[in-house]
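Each remark here refers to the structure printed beneath this line.
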Protein chains: 2
Amino acid sequence: MTASRTARERVRAELTREIVEIARRQLATEGAGGLSLRAVAREMGMVSSAIYRYFPSRDDLLTTLIIDGYNALGEAVERADAAVPADDFPGRWAAVCHAVRDWALAHPHEYALLYGSPVPGYQAPQDTIGPRVRDLTVFGGILSAAQRAGALAPPTGPVEVDPALADEAEASLAALMPDVPGDALLRALSAWTSLYGWVSFEVFGQFKGAFADLRPAFDHSVKALGTMIGLTPSG
Amino acid sequence: MTASRTARERVRAELTREIVEIARRQLATEGAGGLSLRAVAREMGMVSSAIYRYFPSRDDLLTTLIIDGYNALGEAVERADAAVPADDFPGRWAAVCHAVRDWALAHPHEYALLYGSPVPGYQAPQDTIGPRVRDLTVFGGILSAAQRAGALAPPTGPVEVDPALADEAEASLAALMPDVPGDALLRALSAWTSLYGWVSFEVFGQFKGAFADLRPAFDHSVKALGTMIGLTPSG
DNA sequence: CAGAAAACGAGAGCACCGCTCTTGACGACT
DNA sequence: AGTCGTCAAGAGCGGTGCTCTCGTTTTCTG
């Protein structure tokens, strides 16, 4: 009645776990395109058709890998955020950024699966929308906390924001980052996409050979984005 | 002696062109993964092996598609930039950004081929490095012109820049955007990656359902990035 | 406890893919 | 006119995702 009641369910769960593990290893070495159900079956000593007892299609296996990837990235981001004092908002932002970059560089193929070209013909099921925003949720928490602590500076630049646009941003992001005014949300959205733009460029080789070490440039960019968002050190 | 001397060379060039055209159409509808030499051959009424007389492998066909894509994007960016008065630097920046976004939305699969996950096992040949930076070259031209016109504001934020990092940025980007100081280059690099981060998020469906119309939000972000770069309207 | 039902691994097979090799015909240059 | 290179065609190799069937084994049920 607890978990794994019958022997069959136990071995099924174990085999499912093993399939995913082998698939993740293949994904890490060959990339998403090189993930082959037949190869997984071969490595398990099974016949290829037996895999379909556990995953009805290659896309379903990819889906669990994607969900696992979002969770791994989200967990890394959560850990990095938790390691910084809660009222050091620029520090938390920088920690989150470096966590995303470090994880992406350590798992480039999984990152590509999450943020690269969509798999042709693949449609993300509803199960992915939870883990998908796990990192964004951390960022939203930082923003909301900064706003409540009075550590979110109002916009300084000469760019005025359309009130309707700010309202739409508030309505759309209220669940993830409550209490944050619309103009700050727009700046935050820009910074967030900038983070992933940088990481994608780096992981996908667009920066190839431009810098000897990209980390200092990334760190500088992160700090500049932090001030653009309006994050200030203390209340 | 000029072009297409013999009849054979003429028909060969024509068939090569037709293969590329069909391949690009398949790429646009099916995506990079669905590009099949056999399907191209079928559509041409040829047998599959005959294709290999023109392209020694699928990767070679992909390479020409990639080069064509970079050129198409670069040309769109160049046209957009040329349509704005040369001394309206924020306007030129915004025009370039919208050109990138518009082209990407109009050709999502080709954009994915250029800026999405790298094709597994595919190594970009040297032929691509020229067209690859065509858009960046336009951006560099805007920056250099703004700098020479005194329309590139010095950094205002409280983020100080490491001199060594600024020097490396100058050395690395001097060919593309001369005369621009290192700290401005770092800000520009951040803005550039931010642009592609946004476009990638939008094309790859990461923004799905967040906004009814993403264009105003993008435009706002572009303007904010323009001021972050330091671009000012006139000399 | 015995029988029905469900789950399982194995195997054959379908259609597709990239790519290679050989064959025979056609065109171009000497 | 003869030779040589280019070409389309066809067969074939090993690989893929996926489907179906067939015994076997395990689980559930009457």
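These values consider heavy atoms only, across backbone and side chains, with no hydrogens, waters or symmetry-generated copies. Every chain is numbered from 1 and lettered A, B, ... according to where its sequence line falls, protein lines coming before strand lines.
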In whole Å, what is the span from the [atom1] atom of [X] to the [atom2] atom of [N]?
X       : N      : atom1 : atom2 : value
B:Asp59 : C:dG18 : CG    : P     : 11 Å
A:Phe55 : D:dT19 : CZ    : P     : 16 Å
A:Leu62 : D:dG17 : CG    : P     : 10 Å

### Query
Is a donor-acceptor contact shorter than 3.5 angstrom present between the side chain of A:Arg53 and the base of C:dG9?
yes
### Message
With hydrogens left out and only the distance checked, is there a donor-acceptor pair under 3.5 Å joining A:Arg8's side chain and the base of D:dT26?
### Response
yes
### Query
Listed in order of residue number, which residues of residues 14-23 of chain A have a non-hydrogen atom at under 4.0 Å from DNA chain D?
none
### Query
Quick one: which of C:dC17, D:dG10, D:dA8 gets closest to the side chain of B:Ala50?
D:dA8
## Note on the structure
Checking C:dG18, C:dA7, D:dC18 against the side chain of A:Ser57 (C-beta onward), the nearest is D:dC18
### Query
Any ion pair linking A:Arg10 and A:Glu14 (charged N to carboxylate O, less than 4.0 Å)?
no
### Aromatic plane relationship, A:Tyr111 with A:Tyr196 - under 30° parallel, 30 to 60° tilted, over 60° perpendicular
parallel
### Message
Is the ring pair A:Phe139/A:Trp192 parallel, tilted or perpendicular, if the boundaries are 30 and 60 degrees?
### Response
parallel
### Task
Answer yes or no for A:Arg134 and A:Tyr70: cation-pi contact, defined as NZ/CZ to six-membered ring centre under 6.0 Å and angle to ring axis within 45°.
no
### Query
Is the shortest side-chain N/O distance from B:Ser48 to OP1 or OP2 of C:dC17 below 4.0 Å?
no
